[in-house]
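The structure presented is a predicted model; accordingly, all values stated were derived computationally and were not measured.
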Amino acid sequence: MEYVLSDADGTQVGTALANTNHLKAGGSWKFEALGTVSPDQVASWERSDVSGF
């Protein structure tokens with residue numbers, strides 16, 4: 001999964017990524033996304049991509 005990270009003005013300040021392998025169909029996954037900026041720079045986030053193969 002990929003997330004867009006924005007500051008209080010709505011300007012994109014970075015991205016965050018989370019990844020797992022071998023998740024079964026219908027399975028659940030607890031995760032933490034790793035970001036490219038310090039959490040204190042982030043006011044909001046939005047999921048931008050989910051991919052699988």
Side-chain angles (χ1 to χ4, degrees):
M1 284 189 225
E2 183 175 345
Y3 297 87
V4 173
L5 309 176
S6 301
D7 66 11
D9 296 324
T11 302
Q12 183 174 339
V13 293
T15 57
L17 302 170
N19 182 50
T20 191
N21 295 307
H22 309 293
L23 183 64
K24 294 180 181 180
S28 63
W29 164 43
K30 292 183 180 183
F31 67 92
E32 291 186 22
L34 300 175
T36 58
V37 295
S38 175
D40 63 337
Q41 295 177 276
V42 180
S44 64
W45 56 269
E46 182 177 344
R47 189 174 64 209
S48 64
D49 185 40
V50 176
S51 61
F53 50 91

Donor-acceptor contact below 3.5 Å, side chain S6 vs main chain S44: no
D7 side-chain N/O to D9 backbone N/O, donor-acceptor pair under 3.5 Å: yes
Geometric class of the W45/Y3 ring pair [parallel <30°, tilted 30-60°, perpendicular >60°]: perpendicular
Spacing of CG belonging to L17 relative to CZ belonging to F31, to within rounding of 0.5 Å: 11.0 Å
Separation of Q41 CD from T36 OG1 (nearest 0.5 Å): 8.5 Å
Short side-chain donor-acceptor distance under 3.5 Å, S38 and D40: yes
Contact summary for A43 and A8, nearest pair of heavy atoms: CB-N, 3.5 Å
Nearest heavy-atom neighbours spanning V37 and G14: CG1-CA, 4.3 Å
Value rounded to 0.5 Å, distance of CG in L34 from OG1 in T15: 10.5 Å
